[in-house]
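One structure is given below, encoded as structure tokens.
Positions are given from 1, in the same order as the sequence printed here.
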Amino acid sequence: MEYRILGKTGLKISRMGFGGIPIQKIDAAGTRQLMLKLKEAGVNYIDTARGYTVSESYLGEALEGIRDSFVLATKSMARDAEGFAKDVDVSLANLRTDYIDLYQFHNPSMAQLDQIIAPGGALEAAQAAKAAGKIGHIGITAHSLAVFERALEMDWVETIMFPYNIVETQGAHLIAKCKEKNIGFIDMKPLAGGAIENGTLALRFVCANDAVTVTIPGMAELSEVDENIAACANTAPLTGEEQAAIAQVVKELGTNFCRRCNYCAPCTVGINIPSVFLFEGYLSRYGLGDWGKGRYAGLSVKASACIECGVCETRCPYGLPIRKMMKAAAEKFGE
């Protein structure tokens with residue numbers, strides 16, 4: 001396992017970490033097995049968030065007795081000091097620990113970032129928690145290039161998390177600046193939220209960028225751990241065949257696709273928006289029409305139920321035209 005220093009934090013972490021979103025699909029016992037597997041393999045960076053439902057609590061139970069083998073990071077959506085302070089205490093309880101190595105402001109907009117740094121904002125609580133030893137370091141996560149660029153100029157920012165993958169390279173120039181400024185760069189969505197089917201190719205692409213400090217693929221199966229570690233450990237230059245495969249992924253996906261972050265939820269009429277787009281991908285991109293149709297048929301609310309209220313679009317960090325995409329999916333599936 002290759003290790004890197006996470007920017008200003010000075011923390012020594014594995015080049016591949018663990019993204020804690022998918023463990024919502026399993027249970028605490030399964031999470032424990034994953035943690036033991038990661039420890040054995042030398043993976044020591046764990047990412048979760050207060051907003052990932054049971055993720056913190058599953059990890060807290062799973063890390064009993066081995067917590068000090070990991071650098072633990074979580075996040076808060078709170079923008080005011082009181083809310084952030086409460087989130088820190090809940091995270092400490094959920095994770096069954098007396099300190100959290102990295103606490104991050106979770107995907108603020110430019111306006112919310114203003115609120116965070118204003119008097120009475122969440123930054124005050126973060127700095128107080130750091131002084132009290134509850135958290136070790138402070139970072140920020142973003143989906144917006146404007147927020148990313150602004151965060152680079154804030155001296156309290158020790159790490160920045162942003163999407164970077166085969167089809168999302170819009171932040172590459174800012175990732176390079178992270179390295180110049182000694183800000184740890186944490187790569188989220190290396191597989192574009194699961195849209196990139198070839199995980200090995202996706203991780204090979206990410207790790208070819210030396211400015212990426214750590215990448216955090218989400219994992220729920222033990223087999224995924226082995227596959228992902230092997231991909232990240234392969235430091236050979238990308239082959240011509242791999243370059244051609246990367247170009248094909250870009251051609252197929254472009255930028256107008258769902259990353260399954262679920263920020264669009266809840267839908268006004270109960271449509272599971274990410275699932276609709278996932279099953280539409282099986283139908284349109286991967287040649288798995290019958291599989292896609294079968295999964296789509298199991299949805300309790302179909303794409304055709306969309307009332308085009310547009311609320312989901314106001315929440316989408318990628319600015320996707322969800323109403324238009326939903327209509328197209330309904331036409332493809334015929335309901």
Side-chain angles (χ1 to χ4, degrees), residues 1-7 9-22 34-47 69-71 73 159-255 257 259 285-286:
M1 178 61 63
E2 178 186 359
Y3 294 87
R4 297 285 185 93
I5 300 300
L6 186 61
T9 71
L11 296 167
K12 186 178 180 181
I13 63 170
S14 49
R15 188 78 191 284
M16 190 195 87
F18 173 84
I21 292 179
L34 281 169
M35 294 304 105
L36 293 173
K37 178 84 170 180
L38 293 174
K39 182 177 182 294
E40 180 184 356
V43 175
N44 75 340
Y45 185 82
I46 306 296
D47 174 84
S69 296
F70 296 93
V71 171
T159 65
I160 297 176
M161 181 189 292
F162 193 79
Y164 175 70
N165 53 61
I166 289 172
V167 291
E168 294 180 278
T169 58
Q170 68 275 16
H173 63 297
L174 299 179
I175 296 170
K177 287 187 178 181
C178 282
K179 185 175 181 180
E180 292 172 11
K181 291 175 171 285
N182 195 30
I183 295 172
F185 179 73
I186 303 162
D187 173 47
M188 68 165 136
K189 302 195 183 302
L191 277 69
I196 301 172
E197 293 284 287
N198 188 333
T200 295
L201 182 67
L203 291 170
R204 287 268 288 138
F205 172 85
V206 169
C207 290
N209 186 338
D210 189 60
V212 173
T213 312
V214 58
T215 184
I216 51 169
M219 292 170 273
E221 303 289 339
L222 294 177
S223 59
E224 294 174 320
V225 176
D226 291 327
E227 292 167 8
N228 291 343
I229 288 175
C232 292
N234 183 355
T235 58
L238 293 166
T239 66
E241 184 177 348
E242 286 175 317
Q243 295 282 12
I246 287 168
Q248 184 61 31
V249 171
V250 172
K251 180 180 178 182
E252 290 178 356
L253 285 181
T255 57
F257 65 95
R259 283 79 167 177
R285 290 195 297 271
Y286 306 125

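- Within the 3.5 Å criterion, the main-chain N or O of Ile216 finds no donor-acceptor partner in the side chain of Tyr45.
- Between the Thr159 side chain and the Gly184 main chain, no donor and acceptor come within less than 3.5 Å of each other.
- Taking NZ of Lys37 as the reference point, atom CG of Asp226 lies at 3.5 Å (rounded to 0.5 Å).
- Here the SG-CE distance, from Cys207 to Met16, works out to 9.0 Å after rounding to the nearest 0.5 Å.
- Note that CZ of Phe205 and CG of Asn198 are 13.0 Å apart. Values are rounded to the nearest 0.5 Å.
- Of all heavy-atom pairs spanning Leu238 and Ala208, the tightest one is CD1-CB, 4.3 Å.
- Shown here for Met219 and Gly17, the closest heavy-atom pair between the two residues is CE-O, 3.6 Å.
- Minimum heavy-atom separation, Ala231 to Leu203: CB-CB, 3.9 Å.
- A 4.5 Å side-chain heavy-atom check between Glu252 and Gln248 finds at least one atom pair inside the cut-off.
- Looking at Phe162 and Gln170, their side chains come closer than 4.5 Å, going by heavy atoms from C-beta outward.
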| task | Run the numbers on Val71 and Lys12 for side-chain contact (heavy atoms from CB on, under 4.5 Å), then give the verdict. | result | CA-CA 8 Å; Val71 171; Lys12 186 178 180 181; over 6 Å; no

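- A distance of 5.0 Å separates CG in Leu34 from CG in Leu222, rounded to the nearest 0.5 Å.
- Residues Met1 and Asn44 are not in side-chain contact: their nearest non-hydrogen atoms beyond the backbone lie 4.5 Å or more apart.
- Legend: side chain to side chain donor-acceptor pair (under 3.5 Å) pairs involving residues 203-216, not counting sequence neighbours, sorted by first then second residue: Arg4-Asp210, Tyr164-Asn209, Lys179-Asp210, Asp187-Thr215, Arg204-Glu242.
- Pairing each heavy atom of Ser14 with each of Val43, the nearest pair is OG-CA, 3.5 Å.
- Note that CD1 of Ile175 and CD1 of Ile186 are 12.0 Å apart. Values are rounded to the nearest 0.5 Å.
- Atom SG of residue Cys178 and atom NE2 of residue His173 lie 10.5 Å apart, to the nearest 0.5 angstrom.
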